[in-house]
J.: 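Take this structure first; my questions come after.
Reminder, nothing fancy here: chain letters follow the sequence lines and each chain counts from 1.
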Amino acid sequence: MPRQTLIYNTLTKKKEVFEPVNSPHVGLYACGPTVYSDPHLGHARQAITFDILFRYYTHIGYKMRYVRNITDVGHLEDEVSGEGEDRITKKARLEQLEPMEVVQYYTNRYHLFLDRLNVKRPSIEPRASGHIIEQQQLIRKLLENGFAYESNGSIYFDVEKYDKDNDYGKLSGRKIEDLLSNTRDLDGQSEKKNSLDFALWKKASPEHIMRWPSEWSDGFPGWHLECSAMGNKYLGEQFDIHGGGMDLMFPHHECEIAQTKGAFGKEAVKYWMHNNMITINGQKMARSLQNFITLEELFAGSHEKLEQAYSPMTVRFFILQAHYRSTLDFSNEALQASEKGLKRLFQGYKTLQKIAAGKESTIDVNKIEEQCYEAMSDDLNTPIAISYLFDAVRIINSINDGKEKIDADSLEKLKALFQIFIFEILGLVEEESSSDDLSSDLINMILNLRMDIKANKDYSTADKIRDELTKLGIVIKDKKDGFDWELG
RNA sequence: GGUCGCGUGGCCGAGUGGCUAGGCAGAGGUCUGCAAAACCUUGUACGGCGGUUCGAAUCCGCCCGUGACCUCCA
């Protein structure tokens, strides 16, 4: 029986005790990317948030099935009006590629950068275009149940009708009347009965490449439909957690709830989880605002806003140092702080490996362990868990200095704790400085020569060597009788 | 305009009715030929004004500032 955890449910706006529908099995669905462009920091946060959930729940004993989709069809530029080109199709046209080439390319890119961030691959990664049949079946159900109607070969969801006996807007806290009064005027959009109605199936215009046959028209499915169809297919009629970025709450997730309830008579999702946005100068990082930084740019330092390159683990740690429901502001200063903090954490881990156990202990490892688990169990509070690890680092250093003592059992326990939290739960990995054996040998040779020079008290030459090596990015650490170095 | 959120020390960020995270930067120190690195020590901050309370940064009200959503966006 896994330990009790709290999880913030967007639906109830409260932290709730997590009780799986079918413990110990847990079904998790997270909205993946629309693969028409490179992943940016925001995608990283979303992926890392649910990666942590996946990792932690697996660790405490749940049998996880994690589904994260790839949206490769149906995502229009303007969902409400149903206008605009399909994003994939547009990209394909601009680049003169097959739509599926675009899809494959950006799916590969997504995997590449998420792998570097050490985000685990989901259990199932379904594509919308591979589930046209399932989506069409869902539409038929909705037509049968009277929640959808056909108009000129397209099928729309009837929001007003649904709202009569259901609560459309319950997730995002909206009321249908407010939405109606605030919806922009759509003159000429006569296909829909109501401006709030959203597309389930769109008849394809002659130039639209991605199209599938159906009894209504040659067309393609609406964006919101895929998640309902694939969630249902792989996780069943009721499953535990559905996640995504906060900006998907409305209308995407709201529409999902309506579709599922309308088709199956009951809601599928027990807990809704939404990660907050990454901001840049206090404003949301978004493609539409032209202020986004891709992961490729971040890792390479190739963006005008970047003072340097930031390694994947620095980025991961930066994201984990904030709670997933808070906005997180990007800045070079903050990233640099994370870079150094992460280094300190790993330094502590290394020190831990070499300290010796004594007969007695002044350290209460059980308490540290409990604190770490409690933090993670309290709605995935990674920043708190990390703060306890930093507390532990200070203790480790004190043991190393002989100010504190630890017995063999406690030491083993502390080592296991660090191993589990740093690598398994937080998913951090140590990034090796890239240096091949030959250059290592060369550096060691030079530094050995420098030792001789120092022994002769020729400090000016010794300093010169050090300066030159420093310029090459090699950090020298002189010790009592020897040296150490690393790539800075 | 509507809905929801936020405002914490130089920066980033937790937390939350009394026990006052953590990281980075800064300062001091240990070490060192000198540095660097590493390590140690160090900071009583919570937008403003009222109110509730023995006690509020934490609850309530008002104000100011700011952000997200209401079109697509993780």
J.: Relative to A:Tyr8, does A:Arg325 satisfy both conditions: NZ or CZ under 6.0 angstrom from the six-membered ring centre, and within 45 degrees of the ring's axis?
T.: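 Yes, cation above the ring, under 6.0 Å and within 45°.
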J.: If the C1' atom of B:G13 is compared with that of B:C6, how far apart are they to the nearest Å?
T.: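 14 Å, rounded to whole Å.
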J.: Expressed as a whole number of angstroms, how long is the span from A:Asp38:CG to B:A74:C1'?
T.: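 Distance check: A:Asp38 CG to B:A74 C1' gives 15 Å.
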J.: Which range-with-range stems can be found for RNA chain B when each stem has 3 or more Watson-Crick or G-U pairs in a row and both distances sit under 3.5 Å?
T.: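 Counting only runs of 3 or more consecutive pairs, the stems involving RNA chain B are B:1-7 with B:64-70, B:10-12 with B:22-24, B:26-30 with B:38-42, B:47-51 with B:59-63.
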J.: When you measure from the side chain of A:Leu179, which nucleotide among B:C70, B:C39, B:C24 comes out closest?
T.: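 The nucleotide sitting nearest to the side chain is B:C70.
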J.: Need one value for A:Asp463: base, sugar-phosphate or nothing, where a base atom within 4.0 Å counts as base even if backbone is also close, heavy atoms only.
T.: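 Since a base atom lies under 4.0 Å of A:Asp463, the category is base.
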J.: Let's see if you can work this out: which of B:G2, B:C40, B:A68 has an atom nearest to the side-chain heavy atoms of A:Asp178?
T.: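 The answer is B:G2.
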J.: Rounded to the nearest 0.5 Å, what's the gap from NE2 on A:His40 to CG on A:Leu298? Could you check?
T.: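 Going from NE2 on A:His40 over to CG on A:Leu298, the span is 12.0 Å.
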J.: What is the distance from CD1 of A:Ile465 to P of B:C34, rounded to the nearest Å?
T.: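 Those two atoms, CD1 and P, are 19 Å apart.
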J.: Considering only B:C39, B:A74, B:C70, which nucleotide approaches the side chain of A:Asn397 most closely?
T.: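 Selected nucleotide: B:C39.
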J.: Counting side-chain heavy atoms from CB outward, which of B:A68, B:C40, B:C70 is closest to A:Phe250?
T.: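 Selected nucleotide (nearest to the side chain): B:C70.
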J.: Say you pick atom P in B:G28 and the same atom in B:A35; how far apart are they, in whole Å?
T.: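 After rounding to an integer number of Å, I get 13 Å for this pair.
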J.: In terms of the nearest nucleotide of RNA chain B, which residue is placed more toward the 5' end: A:Met277 or A:Lys284?
T.: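 Residue closer to the 5' terminus by nearest nucleotide: A:Lys284.
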J.: Roughly how far apart, to the nearest Å, are B:G15 and B:U44 at atom C1'?
T.: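 Comparing C1' positions in B:G15 and B:U44 gives a spacing of 15 Å.
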J.: Report the nucleotide, chosen from B:G10, B:C70, B:A74, that has the shortest atom-to-atom distance to any side-chain atom of A:Arg174.
T.: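 Given the options B:G10, B:C70, B:A74, the side chain of A:Arg174 is closest to B:C70.
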J.: Checking all strands, does A:Gln336 fall into the base, sugar-phosphate, or nothing category for heavy-atom contacts under 4.0 angstrom?
T.: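 It contacts nothing in the nucleic acid.
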J.: Honestly, is A:Arg344 close enough over A:Tyr349, meaning NZ or CZ under 6.0 Å from the six-membered ring centre and within 45° of the axis?
T.: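 Ring-cation test returns no.
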J.: Do side-chain atoms of A:Asp197 reach the backbone of A:Asn194 as a donor and acceptor pair under 3.5 angstrom?
T.: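 Flag set: sc A:Asp197 to bb A:Asn194 pair under 3.5 Å.
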J.: If I pick the P atom on B:A57 and the same atom on B:G9, what distance separates them, to the nearest angstrom?
T.: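 That atom pair is separated by 15 Å.
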J.: Of the listed nucleotides (B:G22, B:G33, B:A37), which one gets closest to any side-chain atom of A:Phe390?
T.: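 The answer is B:G22, which lies nearest to the side chain.
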J.: Within the structure, does a side-chain N or O atom of A:Asn381 lie under 4.0 Å from either OP1 or OP2 of B:G15?
T.: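 True: A:Asn381 side-chain N/O within range (under 4.0 Å) of B:G15 OP1/OP2.
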J.: Report which part of the nucleic acid A:Leu248 touches: base, sugar-phosphate, or nothing (heavy-atom distance under 4.0 Å, all strands).
T.: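 Result for A:Leu248 = sugar-phosphate.
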J.: Answer with base, sugar-phosphate or nothing: what part of the nucleic acid does A:His40 contact at a heavy-atom distance below 4.0 Å?
T.: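 Touches a base.
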J.: Rounded off to whole Å, could you give me the CZ-to-C1' distance for the A:Arg394 and B:C40 pair?
T.: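 Between C1' of B:C40 and CZ of A:Arg394: 9 Å.
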J.: When the distance from CG of A:Asp391 to C1' of B:A14 is rounded to whole Å, what number comes out?
T.: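 Going from A:Asp391 (CG) to B:A14 (C1'), I get 12 Å.
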J.: Under 4.0 Å: is that the gap between some side-chain N or O of A:Ser326 and OP1 or OP2 of B:A14?
T.: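 True: A:Ser326 side-chain N/O within range (under 4.0 Å) of B:A14 OP1/OP2.
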J.: Are A:Tyr110 and A:Tyr105 close enough, and set up right, to give a ring-ring contact (aromatic ring centres under 6.0 Å, His included), and what steps lead you there?
T.: CA-CA 9 Å; A:Tyr110 186 69; A:Tyr105 178 77; over 10 Å; no
J.: Which of the following nucleotides, B:C24, B:A14, B:G13, is nearest to the side chain of A:Arg344?
T.: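 The listed nucleotide nearest to A:Arg344's side chain is B:C24.
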J.: Among A:Ile355, A:Leu352, A:Ile395, whose side-chain contact (heavy atoms from CB on, under 4.5 Å) with A:Leu414 holds?
T.: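 The side-chain contact (heavy atoms from CB on, under 4.5 Å) with A:Leu414 is passed solely by A:Leu352 among A:Ile355, A:Leu352, A:Ile395.
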J.: On a plain distance test, is the side chain of A:Asp401 in donor-acceptor contact with the base of B:C40 below 3.5 Å?
T.: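 No such pair is found, so the answer is no.
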J.: Calculate the interatomic distance between A:Gln321 atom CD and B:G23 atom P; express it in whole Å.
T.: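 Between P of B:G23 and CD of A:Gln321: 10 Å.
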J.: If you look at every strand shown and take non-hydrogen atoms under 4.0 Å, does A:Met285 touch a base, only sugar-phosphate, or nothing?
T.: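 Answer is base: heavy atoms of A:Met285 come under 4.0 Å of a base.
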J.: Centroid-to-centroid, A:Phe299 to A:Tyr310, below 6.0 Å?
T.: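 For A:Phe299 and A:Tyr310, the ring centres are not under 6.0 Å apart.
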J.: Under 4.0 angstrom, heavy atoms only, what part of the nucleic acid is A:Gly42 near: base, sugar-phosphate, or nothing?
T.: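 A:Gly42: base contact, heavy atoms under 4.0 Å.
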J.: Does the gap between the ring centers of A:Tyr57 and A:Phe50 come in under 6.0 Å?
T.: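 No - the distance between ring centres of A:Tyr57 and A:Phe50 does not fall below the 6.0 Å cut-off.
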J.: Write down the distance separating the P atoms in B:C24 and B:A37, rounded off to the nearest Å.
T.: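 About 13 Å, rounded to a whole number of Å.
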J.: Under 4.0 angstrom, heavy atoms only, what part of the nucleic acid is A:Asp329 near: base, sugar-phosphate, or nothing?
T.: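 Since only primed, P, OP1 and OP2 atoms lie under 4.0 Å of A:Asp329, the category is sugar-phosphate.
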J.: If only atom types and distance count, is the side chain of A:Thr382 paired as donor or acceptor with the main-chain N or O of A:Leu320 below 3.5 Å?
T.: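 Confirmed, A:Thr382 side chain pairs with A:Leu320 backbone.
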J.: In whole angstroms, how far is the C1' atom of B:U3 from the CG atom of A:Asp247?
T.: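 Atom CG in A:Asp247 sits about 16 Å away from atom C1' in B:U3.
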J.: State which of B:C11, B:C24, B:C12 makes the closest approach to the side chain of A:Glu333.
T.: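 Looking only at heavy atoms from C-beta outward on A:Glu333, the closest nucleotide is B:C11.
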J.: How do A:Gly244 and A:Ser387 order along RNA chain B: which one's closest nucleotide is nearer the 5' end?
T.: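 Closer to the 5' end of RNA chain B: A:Ser387.
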J.: Assign A:Ala286 to base, sugar-phosphate, or nothing according to its heavy-atom contacts below 4.0 angstrom with the strands shown.
T.: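 It contacts base atoms.
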J.: Whole Å only: how far is the CE atom of A:Met249 from the P atom of B:U71?
T.: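 In whole Å, B:U71 P and A:Met249 CE are 14 Å from each other.
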J.: Which value, in whole Å, describes the distance between the C1' atoms of nucleotides B:G67 and B:G26?
T.: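 Result for the C1' pair: 30 Å, nearest Å.
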J.: Using centres under 5.5 Å plus planes under 30 degrees as the test, is A:Tyr388 stacked with B:G22?
T.: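 Not stacked by the 5.5 Å and 30° rule.
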J.: Which listed nucleotide (B:C24, B:A74, B:G23) is nearest to the side chain of A:Lys340?
T.: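 From the listed options, B:C24 comes nearest.
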J.: How far, in whole Å, is B:G43 from B:C49 if one measures between their C1' atoms?
T.: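 Result for the C1' pair: 28 Å, nearest Å.
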J.: Rounded to the Å, how far apart are A:Leu345 CG and B:A21 P?
T.: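 Taking atom P of B:A21 as the reference, CG of A:Leu345 is at 20 Å.
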J.: Would you measure the distance from the P atom in B:C59 across to the matching atom in B:C46 and give it in whole Å?
T.: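 Approximately 16 Å lies between the P atom of B:C59 and that of B:C46.
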J.: Ignoring the backbone of A:Pro383, work out which of B:A35, B:A14, B:A74 is nearest its side chain.
T.: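 Side chain of A:Pro383 sits closest to B:A14.
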J.: Suppose we screen for side-chain contact (heavy atoms from CB on, under 4.5 Å). Which residues come up paired with A:Asn397, at least two apart in sequence or across chains?
T.: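 A:Asn397 satisfies side-chain contact (heavy atoms from CB on, under 4.5 Å) with A:Thr351, A:Val393 once adjacent residues are dropped.
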J.: Tell whether A:Arg466 reaches the base of B:A36 with its side chain through a donor-acceptor pair below 3.5 angstrom.
T.: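 Answer is no: no donor-acceptor pair is held.
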J.: Over all strands shown, is A:Ser172 touching base, sugar-phosphate only, or nothing at heavy-atom distances under 4.0 angstrom?
T.: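 Counting heavy atoms under 4.0 Å across all strands, no contact is made by A:Ser172.
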J.: What do you reckon, are the aromatic ring centroids of A:Phe198 and A:His224 less than 6.0 Å apart?
T.: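 Under 6.0 Å, so yes.
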J.: Need one value for A:Leu328: base, sugar-phosphate or nothing, where a base atom within 4.0 Å counts as base even if backbone is also close, heavy atoms only.
T.: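 It contacts sugar-phosphate atoms only.
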